[in-house]
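Here's the structure, in C-alpha cells; my notes come after.
Below, all heavy atoms of this structure are taken into account, side chains as well, without hydrogens, waters or symmetry copies.
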Amino acid sequence: MSESITPICRMGELIAQAANERALKKAVFSKPRDPAMRRIVITLRRIGERTVAQAETFTADNKALHENIAVDDCARFSALCEGFGQVNLLTSAGECELRRAASGKTTLIGGDKLARALQKGGADTCPIDGNNRTKQYILSGNEPFLRLLGVSDERGRVHDKKQSKFRQINRFLELTRDCLAHLPATGPLRICDLCCGKSYLSFAAYHYFANVLGRDVRMTGVDLKPDVVAYCNEVAGKLGFAGLEFLCGDVGKYDAGEKVHLVISLHACDTATDLVLERAMAWNADVILSTPCCHHELNHTLNCPALGFIAEHSMLRQKLCDAATDALRLKLLQASGYAVAALELIDPEETPKNIMLRALRRPDFDPASASAAALRQEYQTARAFLLGE
C-alpha cells in the first residue's frame, strides 16, 4: 500500500474495485462510532439496467435504511468507513479488514494481498440480486379505494401508469406506521389532511387506521377546490368510510374544533405548506407529516450576500431555496416543541418532490425554558441571515 494514501481511503478504493468487477460478496461495517447505528452491509443489487452497491443501514431503534451507491464511488465508501471501528470486505478474490484502535489509528489487514488478487483479473463474478423481488407492501392493490381512485383495476392489478403513485402511498403508510408510538394507543383518532387535493393519502390513511388497525377514526380533508371536494365525498360515501369527510375552505382559517392527533399534507404548493404547518402547530398535533411542493417564496425574497456565489446561478439558487425553506420550516417546528426530521418519501428518480418533513410532538417540551428560547433564537437568526432582516 502506498504511504500517501490512508487505510480508510484504500479500503474505499478496494470496495469500489470489487464492486466494479462484480467480485463483491459484501462489505460489513461494524463497531459504529455513533450509538444510534448498529451496522451497515453493502451488497450488489441490480436496479433496472444498472448495478449499484446497496448500503443497508441497521439502526439502534431497529430500522433498516437503504442507499444506492455508484459502484465506482470510492469517496462515499471511504466516508462510510470513517464512522466505524471495523470494516470487513469479502470478495470472490479474497478478504481484507479495516480496524480502528482506541487511539484512532487505523490499520488495513490483507489489503495489499486482495488488491493484487483483484488486479490479476479473473475473479469469479458474484451473483447479483435484483430489486424486482415482490415487496411486502401494506397495501396489495386490491383495496376498494384504490380501485375507485383509478390506481388499480377491478382485479386489484395496479395500472402501469400508477405504479409510482402506488409505491408513494405505501411508503407514506410505512412512515405513518413508524409514528404509531407517538399517537394515542386507544380512543378515537382525529386526523386532518390539509390541502388534500384528490386525497389519495386521506383514503389511504383512513383505510390503514380504520380497516387495518381497527381504530375509531374521525378524519377531515380540506381543500379549496369544490369539484375535488365533491368528488372525494362521493368516493367516501361509496366506500362506506363513515368517519371520513371533505370540506371546501381555506386551510388557514379551518378550525378542527377539537384535539388533532395527526396532520398530513402531500404537495401543498409553496406557502400553502406553511399554512398547513401553522395550523398543525396551533393544534399541538402529536404527529405532522408534510411533503412540500413548489418552493417559490424564498426564491423571490432571498437577500443574503454571503450566499451570492450560489444565488447568482438560477438553477443552484432554486435548489438552495428549496433546501433552505424546508430547513427553516424544520427549525420553526423544533422551536415549537417538535422532534423533527427530513425523510425521503420516494425514490428521487420517480419525482423530485420527494422530501417529507416529519415532526413528532415532544411531551417534555417547556416553551418557557432556556432551551426553548435558544431554539427560537436559532430560527430567528437563520431567517434573518437568509432574508437580510
With the threshold set at 4.0 Å, does a side-chain nitrogen-carboxylate oxygen contact exist between [X] and [Y]?
{"X": "Arg362", "Y": "Asp364", "answer": "yes"}
{"X": "Lys331", "Y": "Glu378", "answer": "yes"}
{"X": "Asp286", "Y": "Lys259", "answer": "yes"}

Could you work out, with salt bridge (charged side-chain N to carboxylate O under 4.0 Å, His left out) as the rule, every residue matching [X], not counting sequence neighbours?
{"X": "Glu95", "result": "none"}
{"X": "Arg218", "result": "Glu258"}
{"X": "Lys238", "result": "Glu234"}
{"X": "Glu278", "result": "none"}

Whether [X] side chain and [Y] backbone form a donor-acceptor pair below 3.5 Å:
{"X": "Arg99", "Y": "Lys105", "value": "no"}
{"X": "Asp223", "Y": "Val229", "value": "no"}
{"X": "Arg358", "Y": "Leu175", "value": "no"}
{"X": "Arg22", "Y": "Leu44", "value": "no"}
{"X": "Asn170", "Y": "Leu139", "value": "yes"}

Test Gln318 against Asp322 for side-chain hydrogen bond (donor to acceptor under 3.5 Å, both in side chains), laying out the working first. CA-CA 6 Å; Gln318 186 59 62; Asp322 289 355; 2.6 Å; yes
Shared hydrophobic cluster for [X] and [Y] (ILVMFWY, side-chain gaps under 4.5 Å):
{"X": "Leu275", "Y": "Leu298", "value": "no"}
{"X": "Phe172", "Y": "Ile191", "value": "yes"}
{"X": "Met219", "Y": "Leu213", "value": "yes"}
{"X": "Met11", "Y": "Leu118", "value": "yes"}

Counterpart residues, side chain to side chain donor-acceptor pair (under 3.5 Å), relative to Asp274 (two or more places apart): Arg329
Going by heavy atoms in the side chains, are Pro184 and Leu189 under 4.5 Å from each other? yes
Residues in ring-ring contact (aromatic ring centres under 6.0 Å, His included) with Phe246, at least two apart? Phe203
So, using ring-ring contact (aromatic ring centres under 6.0 Å, His included) as the criterion, who are the partners of Tyr338 when residues are at least two apart? none
Anything under 3.5 Å between a donor and an acceptor, one on a side chain of residues 147-156, the other on a protein residue two or more places apart or in another chain? List them.
from: Arg147; atom 1: NH1; to: Asn142; atom 2: O; distance (Å): 2.5
from: Arg147; atom 1: NH1; to: Asn142; atom 2: OD1; distance (Å): 3.2
from: Ser152; atom 1: OG; to: Gly141; atom 2: O; distance (Å): 2.6
from: Asp153; atom 1: OD1; to: Arg155; atom 2: N; distance (Å): 2.9
from: Asp153; atom 1: OD1; to: Gly156; atom 2: N; distance (Å): 3.1
from: Asp153; atom 1: OD1; to: Arg157; atom 2: N; distance (Å): 2.9

Which atom pair, heavy atoms only, marks the closest approach of Thr51 to Val71? O-CG1, 3.6 Å
Taking every heavy atom of Ala64 against every heavy atom of Glu56, the minimum-distance pair comes out as CB-OE2, 4.0 Å
Output all residues satisfying side chain to side chain contact (heavy atoms under 4.5 Å, CB included) with Ser314, sequence neighbours left out; order by chain, then residue number. none
I'd like to check the side chain to side chain contact (heavy atoms under 4.5 Å, CB included) partners of Leu328; sequence neighbours left out, ordered by chain and number. Tyr379, Ala382, Arg383, Leu386
Looking at Phe29, does the NZ or CZ of Arg39 lie under 6.0 angstrom from its six-membered ring centre and within 45 degrees of the ring axis? no
Residue pairs, two or more places apart or on separate chains, that pass ring pair (Phe, Tyr, Trp, His ring centres under 6.0 Å) and touch residues 301-337: none
Side chains of Arg76 and Ser78, donor plus acceptor under 3.5 Å: no
CZ of Arg376: more than 12 outside heavy atoms within 6.0 angstrom? yes
For the residue pair Phe145 and Tyr206, is the inter-centroid distance of their aromatic rings smaller than 6.0 Å? no
Could you check Thr220 against Glu245 for side-chain hydrogen bond (donor to acceptor under 3.5 Å, both in side chains), going step by step and ending with a plain yes or no? CA-CA 5 Å; Thr220 305; Glu245 65 172 353; 3.2 Å; yes
Pair up each side-chain donor or acceptor in residues 248-255 with any protein partner under 3.5 Å, not counting sequence neighbours, and list the distances.
from: Asp250; atom 1: OD1; to: Gly252; atom 2: N; distance (Å): 2.8
from: Tyr254; atom 1: OH; to: Arg190; atom 2: NH2; distance (Å): 3.0
from: Asp255; atom 1: OD1; to: Gly257; atom 2: N; distance (Å): 3.0

Decide yes or no on side-chain hydrogen bond (donor to acceptor under 3.5 Å, both in side chains) for Gln86 and Asn88, but give the supporting numbers first. CA-CA 7 Å; Gln86 181 173 324; Asn88 292 90; 2.9 Å; yes
